[in-house]
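Bear in mind that the values here come from a model prediction, so they are computed numbers and not experimental data.
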Amino acid sequence: LQSARALHARRPSGVWQDQDLLEYQAWCALRSGDGAAAQALLAGGSADLHAVGGLVRAEMLLAQGQPAAASALLQGLLERQPQHLLRESHLRTRLLLAAALFEQGQVVAARRLLAAALRAAASEGAVRPFRELAAALGPLLAIVAQQEPLSVEARQFLRPLLPAGSDRRWGEDMHAATGAGPGALAALTPREQEVLRLVAAGHTNAAIARRLTLAESTVKTHLANIYTKLRARNRVEAVARLQGARRAQE
């Protein structure tokens, strides 16, 4: 890529722009584990990122703990270029977006997006994006394996992508979580039950705060109380306990 950029500077190509080559170089740096080099390369190019540069920037934002910024960038890419990305790039965009949504607590939206991407990838054996993003996708893949209706083909595709033992551990966690009886929610106040129902519907903390006319910090306090009372470690387990209690009532 460095040679291609040097050649392009002397004899510009009608196929590639220097920005394209620079963004692929940043992508290679990121895949090699050199995020600082990737960031420096992007900083030296155009502010108007192409698809590859956008994906690199989004992945770095996600790694830096900025999932909302990553989501905005990725959704912008999909809106601007709905039909003009290579299939793998489109797939990678959806995978990164699913990871970013999951980091923001939008579990239902993330799960459905990842399941749709799995179904599309399984038919073509598009494994590489899943392998490269394994660290970000691992927990969400386990959730999809347990909660999404997948074809036999998609399940066969998914199984080797799961971290070793994750389907067993997740199954044990879900069994413990969904085994709650009808009295499992009795310890929650009416407001905490309302917050938990909105979490189960896929709402973010900010959306719940707006809906219930609360401060977002108050929503977080309610969630902390819910986790303690239900002995849940996170939103997913809390929602699983709610669903288990509902099934027990039925």
For Gln19, what residues pass the side chain to side chain donor-acceptor pair (under 3.5 Å) criterion, not counting sequence neighbours?
Glu23
Output all residues satisfying salt bridge (Lys or Arg N to Asp or Glu O under 4.0 Å) with Glu216, sequence neighbours left out; order by chain, then residue number.
none
Name all residues meeting the salt bridge (Lys or Arg N to Asp or Glu O under 4.0 Å) criterion together with Arg57; count only those two or more places apart in sequence or in a different chain, and write none if there are none.
none
Residue set satisfying side chain to side chain donor-acceptor pair (under 3.5 Å) with Arg211, at least two apart, ordered chain then number -> none
With sequence neighbours excluded, tell me which residues meet salt bridge (Lys or Arg N to Asp or Glu O under 4.0 Å) with Glu148.
Arg111, Arg119
For residues 126-148, which residue pairs qualify under ring-ring contact (aromatic ring centres under 6.0 Å, His included), counting only residues two or more places apart or in two chains?
Phe130-Phe157
Please check this pair: side chain of Thr221 against backbone of Ser217, looking for a donor-acceptor N/O pair closer than 3.5 Å.
yes
Counterpart residues, side chain to side chain donor-acceptor pair (under 3.5 Å), relative to Arg112 (two or more places apart):
none
The complete set of ring-ring contact (aromatic ring centres under 6.0 Å, His included) pairs with one or both residues in residues 106-125, sequence neighbours excluded, reads none
For residues Arg235 and Asn205, is any side-chain donor paired with an opposing acceptor at under 3.5 Å?
yes
Could you go through the salt bridge (charged side-chain N to carboxylate O under 4.0 Å, His left out) check for Glu194 and Arg191 one step at a time?
CA-CA 5 Å; Glu194 194 171 14; Arg191 178 62 91 186; 3.1 Å; yes
Once side chain to side chain donor-acceptor pair (under 3.5 Å) is applied, what residue pairs with a partner in residues 28-42 remain, sequence neighbours excluded?
Arg31-Glu59
Any pair counted as side chain to side chain donor-acceptor pair (under 3.5 Å), so long as it reaches residues 65-77, sequence neighbours left out
Gln64-Gln66, Ser71-Gln104
Pairs meeting criterion ring-ring contact (aromatic ring centres under 6.0 Å, His included) with involvement of residues 191-214, two or more places apart:
none
Listed by chain and number, what are the side chain to side chain donor-acceptor pair (under 3.5 Å) partners of Thr204, not counting sequence neighbours?
none
